[in-house]
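All remarks here apply to the structure that follows.
Just so it is clear, the structure is predicted and the values come from calculations on it, not from any experiment. What you see below is based on every heavy atom in this structure, not just the backbone, and it leaves out hydrogens, waters and symmetry mates.
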Amino acid sequence: MTLWQLVLHLFNFVLPAFAMALFMPGAGRWVMGPGGTPWGRRMVVHAVLGLLVLVAGLVLQGHDGKMSTYFALIFLAATAEWAMHRGWTRR
């Protein structure tokens with residue numbers, strides 16, 4: 001594997017987590033309305049949690065790209081967005 005192939009492989013590994021981090025603050029505002037934690041902090045939280053989920057899926061399942069890992073990524077991102085919007089206090 002060349003260096004360029006390694007870079008592309010790593011980029012494609014982290015891309016789902018970074019895409020979720022980019023779009024989840026907007027989706028949270030659309031679903032739950034304005035408020036909560038600032039956008040930048042929410043993006044960082046989503047990126048870190050997403051990377052942890054992808055690495056855990058890789059370690060536990062032996063290879064990346066399993067649908068159960070992507071389900072866990074979406075579930076954790078939605079739960080984190082709900083928590084950062086303080087969803088338990090809204091009616």
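Under the 4.5 Å side-chain contact rule for hydrophobic residues, L6 and L8 do not share a cluster. Linking ILVMFWY residues whenever their side-chain heavy atoms come closer than 4.5 Å, directly or via other members, places V45 and I74 in the same cluster. At a threshold of 4.5 Å between side-chain heavy atoms, the hydrophobic network of Ile, Leu, Val, Met, Phe, Trp and Tyr places L49 and M84 in one connected group. Each of F13 and W4 belongs to its own hydrophobic cluster when Ile, Leu, Val, Met, Phe, Trp and Tyr are linked at side-chain heavy-atom distances under 4.5 angstrom. Hydrophobic cluster membership is shared by V55 and M67, with clusters built from Ile, Leu, Val, Met, Phe, Trp and Tyr side chains linked at under 4.5 angstrom.
Counting heavy atoms from C-beta outward, F18 and L22 have side chains that stay 4.5 Å or more apart. The closest side-chain heavy-atom distance from E81 to M32 is not below 4.5 Å. Between V53 and Y70 the shortest side-chain heavy-atom distance does not fall below 4.5 Å.
Between the side chain of T37 and the main chain of R42, no donor-acceptor pair closer than 3.5 Å is present.
Between M1 and Q5, the closest heavy-atom pair is CA-OE1, 3.4 Å. The minimum heavy-atom distance between A77 and M20, with the atom names listed, is CB-CE, 3.6 Å. Between L73 and G50 the shortest heavy-atom distance is CD1-CA, 3.4 Å. Between P34 and R29 the shortest heavy-atom distance is CB-NH1, 3.1 Å. Closest approach of T69 to L54, counting heavy atoms only: CG2-CD2, 3.8 Å. Residues L51 and A17 share a closest heavy-atom pair of N-CB, 3.7 Å.
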